[in-house]
2 protein chains.
Amino acid sequence: MKKSPPKLRFAVLAADTVLCTIRDKRLFVRLIAVNRPPHFRHAWGLPGGLIHPTETAEEAARRNLSVKAHIGASTLYMEQLYTFSAIDRDPRGRVVAVAYLALIAWDALSPQEQRDTPETRWVPMDAVGALAYDHNEILKAARKRLRSRAASTTILVTIMPDEFTLTELENAYECIMKTDLDKRNFRKKILKLKIVRALPKKRTLGRARPATLYRFASPDVTEIKIL
Amino acid sequence: MKKSPPKLRFAVLAADTVLCTIRDKRLFVRLIAVNRPPHFRHAWGLPGGLIHPTETAEEAARRNLSVKAHIGASTLYMEQLYTFSAIDRDPRGRVVAVAYLALIAWDALSPQEQRDTPETRWVPMDAVGALAYDHNEILKAARKRLRSRAASTTILVTIMPDEFTLTELENAYECIMKTDLDKRNFRKKILKLKIVRALPKKRTLGRARPATLYRFASPDVTEIKIL
DNA sequence: CCAAAAGTGTTATGACTACACCCATGA
DNA sequence: TCATGGGTGTAGTCATAACACTTTTGG
């Protein structure tokens, strides 16, 4: 994951990213293969890498996401999560990591970005096993942050497709919050808050009644109590 | 503030702390003198300094608070705030700062810690002028975090004295949230939440009716919707 | 007896929860 | 015509906000 850090008098800085998307009513994270004997063989971990002196932590996170995880999408939402500085978090040396939470809509990804390769995979959140370094801890912090943001901001703009049905939106909340929501109450609340606008179209899916499509009223993430 | 960073291939890591307390119905921050010509002369800034390879970011924050701001209290509450990595945030070189929010009760401080010196001062939050580096930005993030924590956790345990009156608690919320609260509604809510316990004592202050003293039910900071 | 701060209750409004059936469509 | 998912309303409960006067003490 990180290039072998030179033996310096100070800690080396890295940026690691938890990139999530939603597909088929499930949350997925992007993982990359980590193969760094003797500590990690055939392991998986979060995409990340060293921060160059000429870039900010977020720029480094984006660059490494592109280089290591092959995700170059520029519409990626990123927010800083936490800085992990435990002394032994990287067995190869003193590496402090600034962790980011990143979100993107599945269909804002290119076919290449959607694809799994031997080096990169989209893994369902609750199927993630033991990761390299302290990445399980980072992942846990990311899930918590995502839940709290979903409850109190319009952060789902960044992970929903451009147009969606209210059922899809409800499913997104449900898989992020890990709760069941009442369909009627959910719709009432979302519509009352006026965070989405109905479009003059419907989408038919299989042999069922067509669903009204909606779009977020604003593309910005704003603070508003939702759940 | 930070020792002159050697010219390294990578950024140097520092920890800066926004230490707050409440005194006389007002929020105060601890500042230290910054005198580093040619960039900063007779300026003030947040206490902070480099992170040693053998310590975590939080340990470095505590150590620098003790060394630079003469605050050695071990009961200090600390929570990581944000990592500031703008390339030019320190005019002397590439320094990335992990910022912390720290809280302590005014009367948990020793007389030395309460005192101002030519090098260190307690400054009322809204009387803070232009600080060195990007420290105004850090301060702003700290105020915002403090407000949000006060509204949704029992974080005031860490800044209230051991025993206090409900009026004092209300004043603490008011100066943190920058709002006026209704006395009756505030008391009802706080008592219903059972986050404080009345003590079998009262405190008389001047020629007025004595006030019941309270203590937090738990010394831990827990999540609970308060305001 | 006066000044100062402590303490206390009610009402109206809005939010939240729980809950079950009909609708529109394609197969 | 049936299977599938879309869509809707009400009633009970609880939290919130607005609001003013009495109590206890020391000076």
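Remember, predicted model here, so these are calculated numbers, not experimental data. Order of the sequence lines sets the chain letters (A, B, ...), proteins ahead of strands, with each chain counted from 1. Side chains are part of it too, since the values below use all heavy atoms of this structure and drop only hydrogens, waters and symmetry mates.
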Please, which pairs that meet salt bridge (Lys or Arg N to Asp or Glu O under 4.0 Å) have at least one residue in [range], sequence neighbours excluded?
range                       : answer
residues 156-165 of chain B : B/Asp162-B/Arg215, B/Glu163-B/Lys201, B/Glu163-B/Arg215
residues 178-190 of chain A : none
residues 190-199 of chain A : none

Query raised in the report: So which one's nearest nucleotide on DNA chain D is more toward 5', B/Lys189 or B/Thr204?
Result: B/Lys189
Query raised in the report: Salt bridge check: are B/Arg62 and B/Glu58 linked by an N-O gap of less than 4.0 Å?
Result: yes
Query raised in the report: chain B on DNA chain D: first and last contacting nucleotide, 5' to 3', under 4.0 Å to a heavy atom?
Result: D/dT16 to D/dG27
Report task. Find the distance A/Asp180:CG to C/dA18:C1' and express it as a whole number of Å. Result -> 14 Å
Query raised in the report: With sequence neighbours excluded, what pairs up with A/Tyr214 under the ring pair (Phe, Tyr, Trp, His ring centres under 6.0 Å) test?
Result: none
Report task. State which residues pass ring pair (Phe, Tyr, Trp, His ring centres under 6.0 Å) with A/Phe28; sequence neighbours excluded, sorted by chain then number. Result -> none
Report task. Please identify each residue that fulfils salt bridge (charged side-chain N to carboxylate O under 4.0 Å, His left out) with A/Glu168, with sequence neighbours left out. Result -> A/Arg203
Report summary line: salt bridge (charged side-chain N to carboxylate O under 4.0 Å, His left out) filter on B/Arg143, not counting sequence neighbours, yields none
Query - Nearest-nucleotide 5' precedence on DNA chain C, B/Leu205 against A/Lys225 - result: B/Leu205
**Report entry** Axis-to-axis angle between the two ends of the helix from C/dC1-D/dG27 to C/dA27-D/dT1 (five base pairs per end, rounded to 10 degrees)
**Finding:** 10°
Expected list for residues 118-129 of chain B: side-chain donor-acceptor pairs under 3.5 angstrom, two or more places apart:
{"residue": "B/Thr120", "atom": "OG1", "partner": "B/Arg30", "partner atom": "NH2", "Å": "3.2"}
{"residue": "B/Thr120", "atom": "OG1", "partner": "B/Thr117", "partner atom": "OG1", "Å": "2.9"}
{"residue": "B/Trp122", "atom": "NE1", "partner": "B/Glu113", "partner atom": "O", "Å": "2.9"}

Taking only distance into account, with no hydrogens and no angle test, what donor-acceptor pairs under 3.5 Å do side-chain atoms of residues 79-86 of chain B form with protein atoms, sequence neighbours excluded?
{"residue": "B/Glu79", "atom": "OE1", "partner": "B/Tyr77", "partner atom": "OH", "Å": "2.4"}
{"residue": "B/Glu79", "atom": "OE1", "partner": "B/Arg149", "partner atom": "NE", "Å": "3.1"}
{"residue": "B/Glu79", "atom": "OE2", "partner": "B/Arg145", "partner atom": "NH1", "Å": "2.8"}
{"residue": "B/Glu79", "atom": "OE2", "partner": "B/Arg149", "partner atom": "NE", "Å": "2.9"}
{"residue": "B/Glu79", "atom": "OE2", "partner": "B/Arg149", "partner atom": "NH2", "Å": "3.1"}
{"residue": "B/Thr83", "atom": "OG1", "partner": "A/Thr83", "partner atom": "OG1", "Å": "2.4"}
{"residue": "B/Ser85", "atom": "OG", "partner": "A/Ala57", "partner atom": "N", "Å": "2.9"}

Report summary line: Given protein heavy atoms under 4.0 Å, the one-letter contact record of nucleotides 6-14 of chain C, with B base, S sugar-phosphate only and - none, is simply BBBBB----
